[in-house]
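Convention: sequence-line order gives letters A, B, ...; per-chain numbering from 1.
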Amino acid sequence: MQEEYDATTVESHVQDLWNANDAFQVTEDETRPKYYCLCMFPYPSGSLHMGHVRNYTIGDVLSRYKRMQGFNVLQPMGWDAFGLPAENAAIKNNTAPAIWTYQNIDEMREQLQRMGIAYDWSREIATCTPEYYRWEQWFFTQLVKKGLAYKKMATVNWDPVEQTVLANEQVDADGRGWRSGALVERREISQWFLKITQYAEELLEETEKLDGWPDAVRTMQRNWIGRSEGVEFDFALADGELAGESAIRVYTTRPDTVAGVTYMAVAAEHPLTTHVAAHNADIQAFVEECKKSGTSEAAMEKLEKRGMPLGIEAINPVSGERVPVYVANFVLMTYGTGAVMSVPGHDQRDHEFAKKFNLPIKQVVQSTVEAVNVVDTAFTDKTNTVSINSDQFDGLDFEACFKATADFLAKEANGDKKVNYRLRDWGVSRQRYWGCPIPIIYDKDGNAHPVAEEDLPVVLPEDVAFSGVNSPIKEDPNFINTTVPGTNEPGIRETDTFDTFFESSWYYARYACPDANAMLDERANYWLPVDQYIGGVEHAVLHLLYARFFHKLMRDVGLIKSDEPFTRLLTQGMVIAETFYRDDDGKPEYFNARDLDLEYDDKGRISGATLKSDGKPVTVGRIEKMSKSKNNGVDPLEMIDRYGADTVRLFSMSDSPPHQSLEWKDGGVEGMNRFLRRVWREVSRLPAEASQHVFEQADLNDEQKSLRRKTHETIAKVTDDIERRYTFNTAIASMMELFNEASRFDDRSDSGFAVQHEAFSALVRLLSPFTPHIAHEMWSGLGYESALIDEAWPEVDEEALVRDTITLVIQVNGKRRAELAMSANASKEECEAAALAEENVVRNIEGKTVRKVIVVPGKLVNIVAN
RNA sequence: GCCGGAGUGGCGGAAUCGGUAGACGCGCCGGAUUCAAAAUCCGGUUCUGGCAACAGAGUGAGAGUUCAAGUCUCUCCUCCGGCACCA
């Protein structure tokens with residue numbers, strides 16, 4: 001072992017060794033417990049960023065740790081390869097999306113390999129290959145047959161200039177198309193949906209059981225599913241039938257407030273609105289206006305609450321009063337019945353609308369504990385309340401009134417108790433090119449036929465000229481024209497592709513059997529569920545919910561046996577860094593720190609910065625998530641070149657716990673590099689014969705015992721931090737403590753060397769999941785013949801943890817006044833006596849009476865005196 | 001608006017079950033080495049007072065429970081994240 005640590009040499013040497021031995025290839029093995037550790041696979045954008053580094057290092061630490069614990073560990077990697085950026089790049093660079101994507105995959109694979117992560121590369125998957133997507137096409141045809149996939153009209157963003165559908169990401173905050181700048185419109189087209197709502201109840205119930213998931217993610221999923229219990233019932237139309245209907249059906253979670261309904265509101269798409277609009281130009285104009293606004297959340301948010309009276313009245317089934325019906329832009333056709341009863345007294349939104357249109361506000365719920373004035377604001381409490389102004393329901397609390405009204409509505413107004421979900425069926429059609437073709441053929445009457453199993457996959461043509469925004473397959477007769485399955489009739493192919501969440505919803509299962517000649521085979525039941533899943537919290541709802549849904553679908557088709565895909569989930573925080581900018585004309589221009597000269601104040605804080613190229617100052621901005629737009633990214637490859645992958649890995653784990661954000665700091669990286677160089681140096685200086693010496697615990701002196709205790713305390717601490725707490729930062733801190741103590745230890749006796757060798761032997765193994773390359777070399781440096789990846793995780797020697805003496809903290813009235821070294825087995829009385837005799841204690845209780853003495857064995861004595 | 005999470009030195013953070021607040025790292029200060037610098041090594045570093053021993057203050061603000069509170073309870077403030085016309 002050389003005395004100077006050279007990361008580049010070490011890392012390429014160790015990686016070659018692993019590669020030559022296929023060190024991380026695994027097969028099913030019933031004799032060992034399995035451990036499937038998975039990181040969310042990347043989109044192949046072409047370059048690795050720090051978020052990837054952090055994500056994959058966490059996975060590798062856990063994988064390597066479990067391997068040393070004796071588990072049969074699977075850690076695969078692949079590519080979420082379909083998606084919009086490939087199309088954007090294609091337009092910009094005039095290359096086919098496939099070529100761009102495969103080139104990026106090659107580049108990123110190389111970059112990833114430099115990090116030395118223990119992947120089983122033989123299982124690599126790219127979702128854009130027909131070998132992968134043919135199975136999801138097959139699966140979709142099964143779902144169509146089971147009625148779990150169906151077609152219906154749905155709203156999309158339509159760019160009137162480009163004459164194309166836009167993804168939500170392609171519509172800016174002002175509701176304009178990204179290329180044309182034209183105002184995006186809403187348009188109804190027929191699209192495919194998966195019936196996730198059929199699984200809403202099971203998904204919700206099992207959310208409660210996912211105790212290996214962060215509470216935040218479970219809460220988000222619960223809210224996203226959004227279960228509510230209420231009643232659906234009719235408001236009869238006051239002047240008889242309209243548009244073939246005699247009533248307006250509504251859904252409410254507050255049947256106890258029906259008496260307070262003073263008006264109603266229906267959606268722009270509601271049949272009643274359409275009926276009235278046919279003879280009323282003003283209403284027609286209003287409906288058109290509603291349809292013009294985009295579907296994006298940003299657009300919805302800005303929407304002002306507006307409405308118009310339809311000139312219709314309905315009868316309140318409880319009060320018998322006539323109430324006017326409005327059309328309003330905030331009523332959603334897709335939730336409930338597309339019509340709502342409005343209770344301005346007890347719903348804030350209804351209250352605002354009532355004020356704006358001068359509608360009556362009626363109080364029907366009274367608080368039993370405070371004064372209520374529904375003229376100013378809605379009263380929405382459901383506890384400590386009684387019903388008033390509600391005839392036979394007066395005097396009931398919320399629960400009783402809910403039940404009584406529901407029973408009444410059941411008899412008098414076609415009422416039905418109903419559970420509603422905020423969750424909608426998952427629209428999987430995308431009018432994009434670079435995705436998996438939906439395997440459907442339409443006959444001349446427009447009926448949909450799933451492509452026959454033997455005709456799969458429907459291959460996406462990759463050799464395409466990409467001229468505009470429109471998908472090239474939509475104009476490709478070779479792709480479109482075919483025959484209807486089972487006939488000789490001409491048929492037309494579906495040209496929409498799947499939402500890319502489709503691919504990422506089942507890839508974790510395919511890794512178990514990437515070469516299977518079926519969607520999955522028995523191997524999936526060996527490896528699944530994933531024991532540990534790691535990725536960004538931005539996927540808390542969509543991806544993680546879709547994957548859970550798919551898992552249940554695959555279970556119900558008989559492909560797998562488990563109910564849930566991911567047993568434990570870790571969501572890592574963002575990687576953040578300083579930003580620097582100039583804002584001369586209202587559009588800030590951001591600069592990367594590498595192009596700046598930074599100034600620091602006397603406390604080491606950044607006080608100013610100037611651009612190297614012109615020497616003029618730039619503004620120091622906030623610390624934000626690394627991104628292209630803020631130009632504050634740090635290139636992982638540059639860091640690996642400078643310090644080595646081990647240093648980069650170690651820093652990414654050391655500075656904060658994984659679920660929190662990590663601030664990238666050059667000084668911190670250098671600190672980790674310094675630490676590794678020190679460990680290397682100490683190990684290289686340890687005499688070769690140190691490994692030969694043995695010791696007997698009973699014969700050790702106090703210093704030797706103390707180092708042994710530190711060694712084994714550290715093993716216990718690091719194990720607990722990785723296994724239970726996920727606090728890799730504190731694990732690293734405690735390894736540094738052990739190193740500091742072991743390197744200061746200067747005892748050249750045989751047993752001294754033996755104890756020191758034990759400390760370094762443990763340290764190297766504890767470090768190995770974090771910094772596997774340097775650990776491998778140091779392991780041989782310590783005189784071991786074996787490869788470190790085949791070693792077992794170090795075990796705690798309980799005997800080494802035993803303390804003869806302990807430090808007792810002495811407090812007077814809760815304030816620390818002294819410390820005492822005591823025998824570890826001293827009695828309570830002895831501790832108390834020693835504490836009361838201590839010099840500084842005597843001084844502090846002088847003139848006071850000791851009221852009470854509290855002894856916490858092994859820790860402290862608190863003397864209460866006044 | 002609703003639902004989460006978080007506020008601790010100059011900075012990132014530690015304190016795991018109510019028991020020594022500030023581990024570990026960065027930065028800064030001093031020293032050694034050097035012709036000099038970088039690198040490296042050693043020491044110091046919450047604030048105030050003191051040569052020191054030690055004393056006082058201190059975990060966003062305010063109250064409370066307790067022998068003992070960063071940790072538990074209540075009220076409030078600030079920041080971050082998610083959802084947001086869901087009837």
With respect to the phosphate group of B:G4, does any side-chain polar atom (N or O) of A:R222 fall under 4.0 Å of OP1 or OP2?
-> no

At under 4.0 Å, does any side-chain N or O of A:Q660 touch on OP1 or OP2 of B:G13?
-> yes

hbond_proxy A:R424 side chain to B:C86 base (donor-acceptor, 3.5 Å cutoff) | yes

Please state whether the base of B:U16 and the side chain of A:K717 form at least one donor-acceptor pair under 3.5 Å?
-> yes

With a non-hydrogen cut-off below 4.0 angstrom, is [X] in contact with a base, only sugar-phosphate, or nothing?
X: A:E670; answer: nothing
X: A:V864; answer: sugar-phosphate
X: A:N866; answer: nothing
X: A:R678; answer: sugar-phosphate
X: A:N862; answer: base

In the strands shown, is [N] matched to any nucleotide by a Watson-Crick or G-U wobble pair with both distances under 3.5 Å, and which?
N: B:U71; result: none
N: B:C54; result: B:G49
N: B:A14; result: none

Thinking salt bridges, do [X] and [Y] make one under a 4.0 Å N-O criterion?
X: A:K417; Y: A:E229; result: no
X: A:E846; Y: A:K848; result: no
X: A:E208; Y: A:R222; result: yes

Just compare B:A84, B:C54, B:C86 and give me whichever is closest to any side-chain atom of A:W224.
-> B:A84

Rounded to whole angstroms, how far apart are CZ on A:R674 and P on B:A39?
-> 8 Å

Using the six-membered ring wherever Trp is involved, compare the ring planes of A:Y263 and A:F353 and label them parallel, tilted or perpendicular (cut-offs 30° and 60°).
-> parallel

